[in-house]
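Reminder, nothing fancy here: chain letters follow the sequence lines and each chain counts from 1.
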There are 2 protein chains.
Amino acid sequence: MVLKMDLKTLAGQVSEQNRRALARALSLVENEQDGYIGVLDQLFPQTGQALRIGITGPPGAGKSTLTNQLIKFFRQSSQTVGIIAIDPTSPFTGGAILGDRVRMNENALDSGVFIRSMATRGSLGGLVRQAQEAADLMDAGGFHVIIFETVGVGQIEIDIMEAADTVVVLTVPDAGDMIQSMKAGLMEIGDLFVVNKADLDGADRMKADLEYALHLREAQKTWLPGVFLCESRKGSGTDQLGKQILAHAQYLQNSGEWLKKREARFRQRVRKLVETRLNHEFWNTARTELLDNRLNNSPDQISPYRVADQLLGDSRFSG
Amino acid sequence: MVLKMDLKTLAGQVSEQNRRALARALSLVENEQDGYIGVLDQLFPQTGQALRIGITGPPGAGKSTLTNQLIKFFRQSSQTVGIIAIDPTSPFTGGAILGDRVRMNENALDSGVFIRSMATRGSLGGLVRQAQEAADLMDAGGFHVIIFETVGVGQIEIDIMEAADTVVVLTVPDAGDMIQSMKAGLMEIGDLFVVNKADLDGADRMKADLEYALHLREAQKTWLPGVFLCESRKGSGTDQLGKQILAHAQYLQNSGEWLKKREARFRQRVRKLVETRLNHEFWNTARTELLDNRLNNSPDQISPYRVADQLLGDSRFSG
């Protein structure tokens with residue numbers, strides 16, 4: 001539990017780059033405690049400074065190792081780095097990201113690095129919002145670079161990646177069928193692609209396959225994503241990737257894409273907040289009971305369309 | 001385009017098991033053409049008879065081949081089978097399910113089998129609703145068994161599987177890291193598990209791994225999912241799987257789980273319909289313009305929370 005305190009003060013401390021206040025604000029937001037929206041609202045004007053990077057790919061592709069190398073890359077030029085490691089694994093099978101503790105120890109003495117893990121509690125949709133809000137707090141807290149790191153290749157990861165300015169998609173030479181399922185979404189949202197563990201057989205082939213697939217989308221975009229061979233364990237290829245991330249950020253600024261992305265995200269967030277509130281206000285006790293009653297009486301005779309209409313006070317089907 | 005016709009008549013023809021009318025109604029629903037909700041509403045009381053089976057797993061695991069064997073299994077006892085093959089692959093990378101044409105030809109002379117493919121058009125959420133509605137039409141059209149077949153292991157597949165009574169999760173011995181990402185959801189929703197291509201090395205190991213993972217959830221459920229070794233290309237093991245599917249259906253009936261599932265699904269559908277309508281009605285021209293104006297003027301100074309509140313007519317943050 002977070003102690004009751006003046007939330008205006010907490011927000012002020014976050015923007016003064018107080019790390020302890022940041023950690024407390026992150027917990028406040030993650031637990032959706034009273035007043036958390038006020039803190040986010042107060043800090044919002046100070047966001048929009050950080051470069052937000054998304055890193056995703058199949059389990060075992062080496063995302064944590066690559067992230068560590070990118071931390072080193074950015075720290076060399078004194079950029080501060082916030083990491084949001086998101087595991088949408090359900091609570092049942094356990095959600096800890098392996099190696100996180102190791103990483104936290106490695107960077108424990110560097111106040112320019114801040115790592116936060118998030119796992120699913122309730123809805124997956126909520127996780128996307130929380131990741132975005134955590135990034136806002138780090139952004140307002142003065143971090144130059146924020147990295148979203150997700151495990152897996154599902155819809156949820158794609159949604160989280162859409163909160164990033166620059167998306168790095170990671171794969172490995174032996175990913176096999178994974179490419180098929182990656183095509184379902186990540187191929188389209190990646191700005192940079194990495195074939196990690198490039199010392200393994202098939203790395204060049206994988207690179208060529210990816211380049212071919214990316215070639216197909218060339219006409220649609222002004223930025224043609226590159227494919228990089230890395231051995232992030234040795235640090236080989238990762239500086240080149242870091243430079244390309246910065247080049248992509250520059251491209252976003254120059255082309256006006258950055259502003260467009262920000263606007264689209266803002267719009268999406270407003271729509272989501274409105275949707276949540278409309279639903280919350282609609283499902284009062286009376287309507288919830290009406291639905292319950294409908295289900296208890298002749299559930300097979302009346303369609304969900306008709307019940308929805310009745311709840312909405314419409315009589316399209318009456319009579 | 002579907003010719004304008006009396007939709008009451010169309011619904012009547014569907015329930016008289018007219019296959020041509022069914023195909024027409026499916027197109028009507030998939031394209032959300034005028035009056036499609038009326039058709040679904042009229043037919044709803046005739047749904048709830050079919051056993052709805054979900055089959056999912058990674059690309060290349062042999063879902064189509066397994067589905068074909070299950071078709072044979074059910075046809076042996078004169079059960080009619082409707083297949084809804086869903087490919088959530090985006091329109092950009094192409095969404096055709098390979099082998100579908102082959103299967104359609106194989107079963108073209110059997111009026112007891114009906115295959116329908118669906119791909120993403122707009123939102124992925126819409127795909128789940130459409131799959132459910134297509135199943136309702138087949139159900140009202142008298143099919144005894146309906147199989148949802150999806151490619152991949154993402155959130156969308158999990159959502160579609162939740163529309164099924166019995167979920168079969170398919171894997172192969174060399175799936176490797178795929179198991180990791182399967183754990184994120186499919187392990188929990190599977191009622192039966194198949195290690196396909198069981199002649200390959202590692203099949204027994206995979207079976208043992210799955211059984212161990214399933215053992216962990218044993219305490220939570222009264223039905224303990226089994227793991228089956230199959231070689232669906234040869235038809236080995238698939239009849240045993242078919243029998244277990246029927247045993248699971250029996251278990252659902254006897255335990256009252258079937259009714260609970262149906263109710264939960266009904267509730268979910270009503271909630272989704274209400275949500276869609278509330279959103280649709282909320283975002284009138286005035287509100288859409290208000291959001292646009294906010295974005296054009298000082299977008300960085302005002303938070304999405306405040307804009308949402310203003311749109312909702314609240315003044316929590318004013319002053």
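With sequence neighbours excluded, no residue satisfies salt bridge (charged side-chain N to carboxylate O under 4.0 Å, His left out) with B:Asp34.
Of the residues considered (B:Glu275, B:Gln46, B:Arg269), B:Glu275 shows the highest number of contacts with chain A, using heavy-atom pairs under 4.5 Å.
Atom CZ of A:Arg294 sits about 8.5 Å away from atom CZ of B:Phe266, to the nearest 0.5 Å. To the nearest 0.5 Å, the span separating CG on A:Asn279 from NZ on B:Lys272 amounts to 8.5 Å. Summarising the geometry, atom CG belonging to A:Asp309 is positioned 7.5 Å from atom CD1 belonging to B:Ile37; distances are rounded to the nearest 0.5 Å. For the atom pair CG (A:Asn296) and CD (B:Glu263), the distance works out to 6.5 Å, reported to the nearest 0.5 Å. In this structure, CZ in A:Arg267 is found 5.0 Å from CG in B:Leu291, a value given to the nearest 0.5 Å. The CG atom of B:Leu278 sits 10.0 Å away from the CD atom of A:Glu281 when rounded to the nearest 0.5 Å.
You'll find the side chain of A:Arg306 stays beyond 4.5 Å of the side chain of B:Phe44, heavy atoms only. At a threshold of 4.5 Å between non-hydrogen side-chain atoms, the residues B:Ser303 and A:Leu40 do not count as touching. Counting heavy atoms from C-beta on, the side chains of B:Val274 and A:Phe282 come closer than 4.5 Å.
Inspection of the B:Glu133 and A:Tyr305 side chains reveals an N or O donor paired with an N or O acceptor under 3.5 Å.
The heavy-atom pair separating B:Leu273 from A:Ala308 by the smallest distance is CB-CB, 3.8 Å. Minimum heavy-atom separation, A:Pro45 to B:Gln301: CG-O, 3.5 Å.
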